[in-house]
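Here the structure is a predicted model, which means the values were calculated and not measured. Every number for a ligand or one of its atoms is a count from 1 in the order of the listing.
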Amino acid sequence: MKKKLSIIWGIVLMLTVILAACGTPEEKGSDTETNKEEEKKTLRVVTDAAYAPMEYQDKGEVVGFDIDFVKAVAEEAGYELEIEHVGWDPIFVEIGGNRADLAVSSITINDDRKQTYDFSVPYFQSTNKILVPEGSDIKSAEDLKGKKVAVQNGTTGQMAMDALLGKNHEDIKKFEDNNLAIMEMESGGADAVVADNMIVEEYAKNNPDKNLTVVEDGTFESEFYGVLFPKDSELVDEVNTAINAILANGTYSEIYQKWFGNEPNIEVLKE
Ligand code: LYS
């Protein structure tokens, strides 16, 4: 009886050793592959969905160029996304506190933000422009002096006005989101709104009954949007590779066409 048992144990032991030696690596390999297929990791993306056509809410859903863009990037890099509208200031709180993996929200790459956060490569060119009622005597940035200007708080639009009119100048009216800044002008509380060109141009075009004009000014710098990450995020390289891939394979151009009706200037992003 004892002998029988020890033979059985011997066989079990041998089999275990053989399985461990040859079976496991193969199994491990196929396991990871199936996992990759079946359950991609989900990244939490935060945004300020009040900046049409880049990111906004449509019937409770967050949509826009940036949203299609980040979905294409995630598809390319092999991630699932959970996209949440949190508002502009909260984006920086969420990313700063590592509670979100990335933010996509027309966020201009600048030195100040780079000190606290990481950015992807640039994916979109932008510049500030001035939205005014038709017939306004504001024809340039210089003409904003002595006028009331509505901006979204903590944006490059506000920074441009701080530089032009003076920090905390009473004529700079700051709002939590850009739609509120536009409403302020429409209700007569401000003479102009300074915000990113795509946003003010779309707004003027889509609301012809409101009789608005967009004023360009060469003193506003060219800016580039980037995906925002917590400092030292391991995702930066993967996301950059995915962005470069969709820029090269035509996916980015397709998304751009869908939202803006023309071809993007991809070369300018590489400079
Ligand atoms: N691009 C500007 C900035 O980064 C405006 C972004 C506003 C987004 N809601 O400051």
**Student:** Using the rule given for side chain to side chain contact (heavy atoms under 4.5 Å, CB included), can you reason through Phe224 versus Val121, listing the C-alpha separation, both sets of side-chain angles and the distance that settles it, and then say yes or no?
**Tutor:** CA-CA 9 Å; Phe224 292 94; Val121 290; over 6 Å; no
**Student:** Could you state the interatomic distance from OG (Ser120) to CG (Asp237), rounded to the nearest 0.5 Å?
**Tutor:**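 One gets 11.5 Å once the value is rounded to the nearest 0.5 Å.
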**Student:** Does a side chain donor of either Gln257 or Glu263 reach within less than 3.5 Å of an acceptor in the other side chain?
**Tutor:**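 Yes, Glu263 and Gln257 have a side-chain donor paired with an acceptor closer than 3.5 Å.
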**Student:** Are Phe119 and Tyr225 close enough that their ring centres sit under 6.0 Å apart?
**Tutor:**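 So the answer is no for these two rings.
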**Student:** In Å and rounded to the nearest 0.5 Å, what is the CG to NZ distance from Leu81 to Lys71?
**Tutor:**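 So the CG of Leu81 and the NZ of Lys71 are separated by 8.0 Å.
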**Student:** Taking any residue with a non-hydrogen atom under 4.0 angstrom from an atom of ligand 1, which ones do you get?
**Tutor:**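 Asp48, Tyr51, Trp88, Ser105, Ser106, Ile107, Thr108, Arg113, Gln152, Thr155, Thr156, Asp196, Tyr225.
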**Student:** Would you say the side-chain atoms of Asp111 and Gln115 include a donor-acceptor pair closer than 3.5 Å?
**Tutor:**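 Result is no, nothing qualifies.
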